[in-house]
Amino acid sequence: MLTAIDLCYQIGSQPLIKQVNLDIQPNQLNIIIGANGAGKSTLLRLLTGFLTPTQGECIFLGKPLAKWDQNALAKKRTVMRQHCQINFAFTAKEVIAMGRAPHGKTYFHQALDTVIEQTHCQYLLHKDYRSLSGGEQQRVQLARVLAQLWQPQPSPRLLFLDEPTSALDLYHQQQMLRLLRDLTHQQSISICCILHDLNLAALYADRILLLSNGQLIAQGSPNQVLTQHSLMSWYQADLVVRSHPHYALPQVSLMR
Amino acid sequence: MTMRIAPCQQRYLIMGLLTILLITIFIAVNQGALPLSFKQLLALPFKDPMWQIWLHIRLPRVMLAVLVGMALATSGVVMQGVFRNPLADAGLLGISSGAALCVGLLIVLPITLPSFLLVYGQITAAFIGGIVICLIIYSLSHTSHGTALLLLAGIAINAITASMMGILSYISDDQQLRQLSLWSMGYLGKGQWDLVLIAASLIIPALWAALAISHRLNLLQLGDEDAHYLGVNVQRTKRQLIIITSLLIGTSVAVSGVISFIGLAVPHMLRLKIGTDHRWLVPATILAGGSLLLIADTLARTVAAPNEIPVGLFTSLIGGPYFLWLILRKRGKHLC
């Protein structure tokens, strides 16, 4: 679906991303993890086409990203960023409706109704976006990007998220990741998501990509990537990895 | 937020503003040093000097006030959208004074232009001055998003242009000095049909362009990166918007001098009523801006009739305290 070939990116003489090769399969929830400053957000911006790599390229649905028409691309690929500051009074509903901009008026109400229900934003709709809490803002942004991708029939689409759960409480973290998982499995939306919480990543990811110092160190299932040895060396933290009590999935605990 | 009208009522507000504008025009054309009512006019033959006054002095001036008001208010709403900042205003950021400085140079420096080119020369000068300051401010806003930086830059630019204007008035002769000072106060009395038509030929296309681009102005409020992901060509859109504002400000400054606060106050008041959806906000701003400057100009030429107060002084005199009151009332809350 999206293939990155030999991606390199540098500012001045400082390389931020080095020789990354990866392949995002359809209907998969991919989670990018890595320590602070590992280059996760930069990699995401290369994969989305916002930044142009100094070397290498990304192929999305058989066509290099740089060759896509921006509006056509916007219907098939979108990004939810960590933080979105709006300085004027927009209601949450107006913000969500902006997601339909690339589509004009087609399926406007249908799309909006669906995503508002999916993200539980009903009671936020007429509030000023700026007055919402961080978590509520994140849910509104999720609704906006889902509205942007919404189509009546399943078709290949790609959703990027940069730390979508950073301001969410436990209940909404669970809701969001369940929703993301459903989206990949039922509506053929592929997802590539940056997460800091390794336990959440382990629970929901189909595939985990571990990034360190601009390089892709490991990729594979949670059990393959989240091993005690590799996490201790790449994160340089004292931790133990055990199995989840209910699933055969790894869970990480910090040592005191 | 309680003042805000329901989303479905926005079209009624637009129609209401249009009605207000038409009524204001209807009243304004009959006011002035020489009161002329339609009843009187209709009783007179068309060759009567009263008709000539109405047709060649009153009407073009009213039209010029409406056009300039529309241009100033729209430049405000567009600039606030581009900078994502409710305080962006041609006056505060020094764009008007940059435009004014260039026109001042044209008035004072010994450049002789044929008279039919003079107005276009002034407009071109004002446009160049406006766009240069716009680009300086824009490049500053790119490096940091602070309101403080933007306003400090505006203060600095205003100080520089004010001192250069001072130099210009110092070296100018008596006639130039009078022209310069009257013009820098904001004055619509030059309104002849040729001037109105020239202004209209630039302002109306720019307003139309602002309306056409208003949807993308909404998306820009998410920030450059998010707008990009929605398929907006951010750099091109911003370039178009800056050209639109520079054209609107340049033309207004060239034909009427510096008239402040319309660009700041009109979008601000309307946002409280209809929110920030630019698809409604831009047309509402166009209509309300036209009405407001026309009301101000009509008052400016009737309050002390037969003398006139320059309308620029008038708008600052009313607009300044209003804005202060608005800030004090909203202290600690969102400004818009």
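Throughout, protein chains are lettered first and strands after them, A, B, ... in sequence-line order, and every chain is numbered starting at 1. Note: hydrogens, waters and symmetry copies are ignored here, and every other heavy atom, side chains too, is used. Everything numeric here is computed off the predicted structure, so don't read it as measured data.
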Chemist: How long is the straight-line distance from CD of A:Q85 back to CZ of B:R84, given to the nearest 0.5 Å?
Modeler: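 Separation between the atoms: 6.5 Å.
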Chemist: Could you check A:R81 against B:D226 for side-chain contact (heavy atoms from CB on, under 4.5 Å), going step by step and ending with a plain yes or no?
Modeler: CA-CA 8 Å; A:R81 298 197 308 130; B:D226 285 299; 3.2 Å; yes
Chemist: When rounded to the nearest 0.5 angstrom, what distance separates CG in B:L230 from CD in A:Q148?
Modeler: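 So the gap between those two atoms works out to 4.5 Å.
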Chemist: With only heavy atoms counted, which part of A:R144 is less than 4.5 Å from chain B, the side chain, the backbone, both or neither?
Modeler: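 Answer is side chain: those atoms of A:R144 sit under 4.5 Å from chain B.
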Chemist: Quick one: pull up CZ in A:F88 and CG in B:L281 and give me the separation to the nearest 0.5 Å.
Modeler: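 Taking CZ in A:F88 and CG in B:L281, the distance rounds to 8.5 Å.
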Chemist: Of all the heavy-atom pairs spanning B:G231 and A:A74, show the shortest one and how long it is.
Modeler: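 Reported closest heavy-atom pair: N-CB, 3.6 Å.
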Chemist: Taking atom OH of A:Y107 as the centre, does the number of heavy atoms from other residues, nucleotides or ligands within less than 6.0 Å exceed 12?
Modeler: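 No, because the 6.0 Å sphere around OH of A:Y107 holds 12 heavy atoms or fewer from other groups.
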Chemist: Enter the distance from A:M98:CE to B:R216:CZ here, rounded to the nearest 0.5 Å.
Modeler: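 So the CE of A:M98 and the CZ of B:R216 are separated by 14.5 Å.
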Chemist: With only heavy atoms counted, which part of A:I86 is less than 4.5 Å from chain B, the side chain, the backbone, both or neither?
Modeler: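 Its backbone and side chain both get close to chain B.
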Chemist: Do other residues, nucleotides or ligands put more than 12 heavy atoms under 6.0 Å from B:E225 CD?
Modeler: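 Correct, the count exceeds 12.
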Chemist: Determine the minimum heavy-atom distance between A:T48 and B:Y229, stating which atoms define it.
Modeler: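 Heavy atoms of A:T48 and B:Y229 come nearest at OG1-OH, 3.2 Å.
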Chemist: Just wondering, more than 12 heavy atoms not from A:K93 lying within 6.0 Å of its NZ?
Modeler: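 It does not: A:K93 NZ has 12 such atoms or fewer within range.
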Chemist: In Å, rounded to the nearest 0.5 Å, how long is the span from CZ of A:F90 to CG of B:L222?
Modeler: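 Rounded to the nearest 0.5 Å, the CZ-CG separation comes out at 7.5 Å.
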Chemist: Above 12 or not: heavy atoms from other molecules or residues under 6.0 Å from CD of A:Q122?
Modeler: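 Result for CD/A:Q122: enclosed.
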Chemist: Of the non-hydrogen atoms in A:G49 and B:H228, which two are nearest, and what is the gap between them?
Modeler: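 So the minimum-distance heavy-atom pair works out to O-NE2, 4.0 Å.
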